[in-house]
Amino acid sequence: MRVLNKKAISRRSFLKSGTVTALGLTVMGPMVIGKNNAWSATFKTIGADDAATLIQMARDTYPHDFLADRFYAKVIEGVEAQAGKDKAFKSMVGKELKKINSAAKKKYKANYKDINRELERVDILKSNEKSPLFQKIRGDLVVGLYNNKEVWPKFGYEGESASKGGYMSRGFNDIDWL
Amino acid sequence: MAKFSKSDGDVVVIIGSGAGGGVLGMELAMKGIKTVILEAGGRHGPQDFVNDEWASFGQISWLDKRTTSGDWRVSRDFSGLPSWIVKAVGGSTLHWAGASLRFQPHEWKARTTYGNVKGADLLDWPIDAKEMAPWYARAENHMGTTGTNGIPRLPGNNNYKVFAAGAKKMGYKQFHTGNMSINSQPRDGRGACAQIGFCFQGCKSGAKWSSGYVSIPKGEATGKLECRSNSQVLKIEHDKSGKVDGVVYADKDGKIHKQRARIVCVAGNSIESPRLLLNSESNMFKNGMANSSGQVGRNYMRHMTASTYAIFEKPVYFYRGTTMAGIIQDESRHDTSRGFVGGYELETLALGLPFMAAFLDPGQWGREFSASMEGYDHMAGLWIVGEDMPQASNRVTLHKKIKDQHGMPVPNVNFSDHENDIKMRNHAWKQSTALYESVGATKTIQTPPYPSTHNLGTNRMSAKASDGVVNKYGQTWDIKNLFVSDGSQFTTGAAENPTLTIVALAMRQAKYIAKQMSSKAI
């Protein structure tokens, strides 16, 4: 059976991974910096602090421990872009995040992204499940995360096949464990 | 390639170019009848289809504004997308998986066979299996259906092998790789299937039959067929006597044109066809065209559908090869000991990672969902397709306020499951879950129906004018030179994928139209 190696390290992440080990996302000015300085993104409109919260929310919504934060951050960059064009949307994001953080502080004595346990963060998300912000992030993630071609190999999905002659001689019927 | 004048009142105008319209156009042209197909979408073919689910969705889907209501989950999860169909030359035969099944004889007589099912508006078709047999044979030959005409069946992929192993464990007897209109060997100038996958995205190799790049070019080669793309019909017009005499359509720039016609055939799929008839109201036809019975738009059917996905300890790579790679037919029988009338088919199905995320369990999030997604390459899956009960209240109506880009009222699709549909779905989920567990599934997921691909009914065929919209040839009861040529004429849905029946009905209708024309009846 032609089995794919899902753990192959891409050249890019190999080159960028340093020796510095950070515990979480670093916020610096308008910039959010990923663990091990593996990536960074600028969030001038929504601000780095809110962006880091949204990135954590994104991970908690569709948690895949083998995906780096940059894949989640990519979706939040879309939120940043929309906030830059749409004032009402920007204020909705700020307002809803305040609500989430105040609920987090009330119940777990910390801002959302600073709550250590996933179960507790998810508890906060659950009680905000119907909010327009959560629905927006969830909807964007369904397409933005799973339609990112870079993540496909990590799920064992090969994508386009016509240019490779299909699967006729590449394992369409090679199952060997039945 | 023919080009007819817009003022040519001798042409037959067909609205839509899918399984019904595309095949009808080919058949009429081959009989020497001047025919114009007006297709709302653009023209695409194997050269520009893309192996990319969302990109393809944007390229060929029908994305015009629609609204939904009723208790179906599609209305909650995909409120603006009641159906997943195509706006392009070839219509939904670009998107279809290729399953080509004949109705079972009893399914032509649902009212007689199933009796008086409470809450259902069942009718018998005014035609039967014997009448349709030669037309099915003609359709299978045209489409190159495997398992017919000496055409070998396709090889089964990994998804099929898991499915077949489970079928065996369950004691099922009738399972195989299907009757598929996908070339298993070169035929009719097209090559054999290369097991590319992406059957829903338009077949890149052209091995799968589609009216868009198989039937319509055959019609065009006669010099009698013009297929005018990017031409969305907004209204059918009639003369003082009440006969239709032309259609109004918008081109891709929104510019309005009029095409005169001797005969008009509506084949825009079961949402657009009734919408067009309703939008063609006039002083003479105040409730819409061909609607003296009040039946236009009613009895919308979408098949009882659902999916079951199963995750195994070891990999499957179910997306490799044909999207629909096999079928179990044992449950398609009518056997009320299971607690419902009618039956269902089990057919393998695979989605790419992007669509799996969107459809596996719409709206869900968190670890449980993510864990299922992480099992993607260890998944096998199947689609359940069974007969749903026609209900007059399941219907396509015109939205009172919302208008489309051409200023026409958009359709609202109202649908609620019948109790029989729910019982059948639960039975099918139970059986298919047991099937996958019998071969070692560690997790199974019961996935709700996708936006409708099998849109049926809404202009149904009936023996009596008061019960339906068209007679047994798809000719409207009210207007003799107005026909319905798509799945909207289905009286009941049967358990089988509808395309083969739509094609067979179109071929039969072509013969009737030609005869009526030569005898000057129309």
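Lettering follows sequence order; numbering is per chain, from 1. Worth saying up front: this structure is predicted, and the values here are computed from it rather than measured.
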Has [X] got more than 12 heavy atoms of other residues, nucleotides or ligands less than 6.0 Å from its [atom1]?
X: B:D71; atom1: CG; answer: yes
X: B:Q47; atom1: CD; answer: yes
X: B:K443; atom1: NZ; answer: yes
X: B:K65; atom1: NZ; answer: no
X: A:K136; atom1: NZ; answer: yes

Qualifying residue for side chain to side chain contact (heavy atoms under 4.5 Å, CB included) with B:Y317, from A:R170, A:R2, A:M1: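 Between B:Y317 and the candidates, side chain to side chain contact (heavy atoms under 4.5 Å, CB included) is satisfied uniquely by A:M1.
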With a 4.5 angstrom heavy-atom cut-off, could you sort out which part of [X] is near chain B: side chain, backbone, both or neither?
X: A:K149; value: side chain
X: A:L145; value: neither
X: A:L141; value: neither
X: A:D176; value: neither

Top contributor to chain B interface from A:G156, A:G165, A:G159, A:S163 [non-hydrogen pairs under 4.5 Å]: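 Option with the top pair count is A:G156.
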Residue among A:N147, A:V143, A:V142, A:N148 with most heavy-atom pairs under 4.5 Å to chain B: A:N147
Polar side-chain atom of B:N51 near backbone of A:A162 as donor-acceptor pair, under 3.5 Å: yes
Got a second to check how far [X]'s [atom1] is from [Y]'s [atom2], nearest 0.5 Å?
X: A:K164; Y: B:I196; atom1: NZ; atom2: CD1; answer: 11.5 Å
X: B:F355; Y: A:Y146; atom1: CZ; atom2: OH; answer: 15.5 Å
X: A:I175; Y: B:N159; atom1: CD1; atom2: CG; answer: 8.5 Å
X: A:D174; Y: B:N157; atom1: CG; atom2: CG; answer: 10.5 Å
X: A:Y62; Y: B:Q364; atom1: OH; atom2: CD; answer: 8.0 Å
X: A:Y157; Y: B:Y376; atom1: OH; atom2: OH; answer: 5.0 Å

Interface residue of largest heavy-atom contact number with chain A, from B:V50, B:D52, B:T322, B:V316, under 4.5 Å: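 Between B:V50, B:D52, B:T322, B:V316, the count favours B:V316.
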Close side-chain approach of B:D377 and A:K6, heavy atoms under 4.5 Å: yes
Looking at every heavy atom in both [X] and [Y], which two are closest together, and how far apart are they?
X: A:E158; Y: B:Y319; answer: OE2-OH, 2.6 Å
X: B:N158; Y: A:G171; answer: ND2-O, 3.4 Å
X: B:V439; Y: A:W177; answer: O-CZ3, 4.4 Å

Where does [X] contact chain A at under 4.5 Å (heavy atoms): side chain, backbone, both or neither?
X: B:A165; result: side chain
X: B:K161; result: both
X: B:M356; result: neither

Electrostatic pair A:D60:B:R367 at N-O distance under 4.0 angstrom: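 Salt bridge absent between A:D60 and B:R367.
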